[in-house]
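Right, one structure below, let's go through it.
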Number of protein chains: 2
Amino acid sequence: MSSPCSRHPHPHRLIQQPLTELTEKLRSKSRKITAPRQAILEVLRRHQHPITNKEIHAALGTADCDLATVYRNLHTLEDMGMVRRFDFGDGVARFELLEEGDDGHHHHLVCTGCSAVVEVDGCFPTELEQALARRHGFTRVTHKLEFFGLCPKCAPAAPASV
Amino acid sequence: MSSPCSRHPHPHRLIQQPLTELTEKLRSKSRKITAPRQAILEVLRRHQHPITNKEIHAALGTADCDLATVYRNLHTLEDMGMVRRFDFGDGVARFELLEEGDDGHHHHLVCTGCSAVVEVDGCFPTELEQALARRHGFTRVTHKLEFFGLCPKCAPAAPASV
DNA sequence: TTATGGATGCAAACCGATTGCATCCACGGT
DNA sequence: ACCGTGGATGCAATCGGTTTGCATCCATAA
């Protein structure tokens, strides 16, 4: 359901820095290395697709902590640039752990049937984004872009059109 | 703050069908033409940028109705294809009235400072979207895309970079 | 070892949005 | 022009995701 596409690997999502390296980053910014934080980072490390606060909380297992703590820590990690927040338009925030030096800017292809997620490499409208910024005098322009569709498994019985 | 760019008009947002034509569309789908509905359509007609339920409710004036009625009617209008829902990522739904025959697919450039909105004509990643769909076997692929940045008025005192 | 400020647990609050239910009224049928 | 009916509305309760106030706890530096 959420296995990466084998023919078109997305390496930036598969390799992950070890936990110690992550906690070291916490230490370097004088944030405390607590049990909930380590557990949350461990969960994030194991997931290559955006994951919700609730899913993180559920995946903590024995290292359980309060849901509010999960929310607070994801804010902290986001502020520190260690995770990136994604919005699939369903009113639930999702997060991905970032590699060192990666700003995490990429997009997803989400199945509207089963919620399967494909990581999309590359970013398209960069030139158009700059033209847009210039035209309207905007600065620091970025964008949010996500794709939605039906995955092969969820394709309708009588396939209509592409 | 929200005046359309004069050098690059966005006609699809400026002309609007008369109210009678809108209510006629309601009648044709056997929905009742009620006072709240007319008032809501009138408000939508006057706004060329996406507007929230709460903003619509506030703009009703004398034709006031319950906020829940606004929510319900926007669902109805969306189902009928008369309005399109947009998501600026702040957890609040926004709506635009659609022209006859327009599916409303377009994007926005939103100022993160003052929330000014510029309508963006044209749609970019169509070819890439199809390539993406093909590659992963997805069908009926669409996308959500919105741009964010700082408008000229909100540009920082010491401008950094584009 | 200590003290100190950040982190946590718990519960309440918040906010956009939805819904159950009684009442109301727009509209087709007569 | 009048009825009857089912959709529409008002009101209040509810829901789900998220945030926050506060007392307590504990990771870290001194």
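Each chain gets a letter, A, B and so on, in the order the sequences are listed, and its residues count up from 1. This one's a predicted model, so the numbers in the text were calculated from it and none came from an experiment.
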Exercise. For B:Glu146 and B:His108, what are the C-alpha separation, side-chain angles and deciding distance, and is it a side chain to side chain donor-acceptor pair (under 3.5 Å)?
Worked result: CA-CA 5 Å; B:Glu146 304 292 351; B:His108 303 88; 3.1 Å; yes
Spatial distance of atom [atom1] ([X]) from atom [atom2] ([Y]) [nearest 0.5 Å]:
| X | Y | atom1 | atom2 | answer |
| --- | --- | --- | --- | --- |
| B:Arg37 | B:Thr69 | CZ | OG1 | 9.5 Å |
| A:Leu74 | A:Leu44 | CG | CG | 6.0 Å |
| B:Leu60 | B:Glu42 | CG | CD | 11.0 Å |
| B:His143 | B:Leu128 | NE2 | CG | 10.5 Å |
| B:Ile40 | B:Leu77 | CD1 | CG | 7.0 Å |

Problem set entry | A:Asn53 side-chain N/O to D:dG17 phosphate OP1/OP2 under 4.0 Å |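 Answer no for this pair, as no side-chain N or O of A:Asn53 is under 4.0 Å from OP1 or OP2.
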Could you state the atom-to-atom distance from [atom1] of [X] to [atom2] of [N] in whole Å?
| X | N | atom1 | atom2 | value |
| --- | --- | --- | --- | --- |
| A:Phe88 | D:dG17 | CZ | P | 16 Å |
| A:Gln38 | C:dA7 | CD | P | 14 Å |
| A:Asp87 | C:dG16 | CG | C1' | 14 Å |
| B:His57 | C:dT18 | NE2 | P | 16 Å |
| A:Lys29 | C:dG6 | NZ | P | 17 Å |

Exercise. Which residues within residues 64-82 of chain A lie with some heavy atom under 4.0 Å of an atom in DNA chain D?
Worked result: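 Heavy-atom cutoff 4.0 Å gives A:Ala68, A:Tyr71, A:Arg72, A:His75.
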If you restrict it to nitrogen or oxygen atoms, what contacts under 3.5 Å exist between nucleotides 23-30 of chain C and the protein, and what is each distance?
{"from": "C:dC27", "atom 1": "OP1", "to": "B:Ile33", "atom 2": "N", "distance (Å)": "3.1"}

Exercise. In this structure, which one of A:Glu96, A:Glu119, A:Arg94 forms a side-chain hydrogen bond (donor to acceptor under 3.5 Å, both in side chains) with A:His49?
Worked result: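 Single side-chain hydrogen bond (donor to acceptor under 3.5 Å, both in side chains) partner of A:His49 among A:Glu96, A:Glu119, A:Arg94: A:Glu119.
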Problem set entry | Aromatic contact, B:Phe147 with A:His136 (centres under 6.0 Å) |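 No, they do not, as the ring centres are separated by 6.0 Å or more.
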